[in-house]
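Note that ligands are numbered from 1 as they come in the structure, with each ligand's atoms numbered from 1 the same way.
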Amino acid sequence: MTIAEVQAPREPKYYTVKRHLLERIATLPAGSVVPTERELASELSTSRTTVRQALVELVAEGRLVRRQGAGTFIADPKITWPLHLTSFTEQAEANGFVASTTLLAAERVRAEGEVAARLDLAEGAGVFRIERLRLADDRPMAVETSHLSAARFPQLTRHIRRQQSLYTVLRETYGVVPVRAEELIATAPASPREATLLGTDPGSPMLVLGRHSRAASGEPVEWVTSWYRGDRVTFIADLSAPRP
Ligand code: GLP
């Protein structure tokens, strides 16, 4: 088969290659090796540049995975991650994973701009900034930066060094439970730092969640930004129609 034979009218050539590869991927188990760029180019009678463009998109979408020096393989299926007002630890466990956390930073800083506004604090007020790498079954899932009021949660950095779940600390130490939240979802390319922490390439697509949660009193609890690997997770929100 050549690409010219199956190319739809006005379809870019690389997209025809991608469609063809997607059909092949669907029939093969995760971990199967994908032929090299050169092999595919010659098999499909097209250029290596065209094949490369198709492979780059399939890697970015999490269908294929590149391993340095070993080649390109069919990726594991993505993890589906329901969006609920639960903690990372609970969510990972509900999905059948063992959650773990690496604490990257826990420091007191001054609230500025969006952090101050989200936490209903004056500019310059003390906040704790907690940065953590969140893992599921030892696979890095997200880099998470949380900001919480230092006046409201005294000694928080001390507690978070001993207990990996922030929500457990909030509940057990401060008697605070987030009961409602706004969750923002956006895409962004990975910075070199996030890419290193999450084991991917700089510039690869990330899903960025911003959670702004409040306690039953209405007071803000946290403002959190979580960077997830876009090739590794699918978020699911359960939507229902508003009551008439
Ligand atoms: C999720 C949310 C965060 C929240 C965290 C708490 O990742 N996006 O806003 O702070 O869960 O998780 P844990 O209690 O495991 O630290």
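- Looking at Ser87 against ligand 1, both its backbone and its side chain come within 4.0 Å, counting heavy atoms.
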ask   = Can you check side-chain hydrogen bond (donor to acceptor under 3.5 Å, both in side chains) on Gln53 and Thr50, steps first, answer last?
value = CA-CA 5 Å; Gln53 198 178 351; Thr50 303; over 6 Å; no
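- Taking CG of Leu103 as the reference point, atom CZ of Arg161 lies at 6.5 Å (rounded to 0.5 Å).
- Counting atoms of ligand 1 from 1 in the listed order, those under 4.0 Å from a heavy atom of Arg134 are 12 (O), 13 (P), 15 (O), 16 (O).
- Heavy atoms of Gln91 stay at 4.0 angstrom or farther from ligand 1.
- Taking every heavy atom of Gln164 and a limit of under 4.0 angstrom, the matching atoms of ligand 1 come to 16 (O).
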Stepwise side-chain hydrogen bond (donor to acceptor under 3.5 Å, both in side chains) test for Glu222 and Ser213 = CA-CA 6 Å; Glu222 52 169 0; Ser213 68; 2.9 Å; yes
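- Counting heavy-atom neighbours within 6.0 Å of Arg180 CZ, excluding the residue itself, gives a total of 12 or less.
- Which parts of ligand 1 touch Glu144 is read off a 4.0 Å heavy-atom cut-off, strictly below it: atoms 1 (C), 2 (C), 3 (C), 5 (C), 7 (O), 8 (N).
- In the vicinity of Val224, heavy-atom distances shorter than 4.0 Å reach the ligand 1 atoms 3 (C), 9 (O), 10 (O).
- Shown in contact with Arg132 at under 4.0 Å from a heavy atom are these atoms of ligand 1, numbered in order with element: 16 (O).
- Side chains of Gln163 and Thr168: a donor-acceptor N/O pair is absent below 3.5 angstrom, by distance only.
- When only non-hydrogen protein atoms are considered, atom 14 (O) of ligand 1 lies nearest to Ser165 OG, 2.5 Å.
- Listed for the Arg229 side chain is a donor-acceptor partner under 3.5 Å among the backbone atoms of Gly199.
- With respect to the salt-bridge test (charged N to carboxylate O, under 4.0 angstrom), the residues Arg118 and Glu182 qualify.
- Close approach of ligand 1 to Ser226 (heavy-atom distance below 4.0 Å) involves ligand atoms 8 (N).
- Checked against a 3.5 angstrom limit, the closest N/O atoms of Tyr167 and ligand 1 fall inside it.
- For atom 15 (O) of ligand 1, the candidate residues are Thr89, Thr145, Thr225, Leu85; the nearest heavy-atom contact is made by Thr89.
- By the neighbour-count criterion of 12 heavy atoms within 6.0 Å, atom NZ of Lys78 is densely surrounded, having more than that number from other residues, nucleotides or ligands.
- Looking at Phe88, Trp81, Trp223, it is Phe88 that brings a heavy atom closest to atom 12 (O) of ligand 1.
- Checked by distance only, ligand 1 and Leu166 come closer than 3.5 Å through their nitrogen or oxygen atoms.
- An N or O contact shorter than 3.5 Å is missing between Tyr228 and ligand 1 by distance.
- For Phe88 and Tyr167, the ring centers sit 6.0 Å or farther from each other.
- Protein heavy atom closest to atom 10 (O) of ligand 1, with residue, atom name and distance, is Glu222 OE1, 2.7 Å.
- A donor-acceptor pair under 3.5 Å links the side-chain atoms of Arg152 to the main chain of Pro220, judged by distance alone.
- For the ligand labelled ligand 1, residue Glu90 lies outside the 4.0 Å heavy-atom shell.
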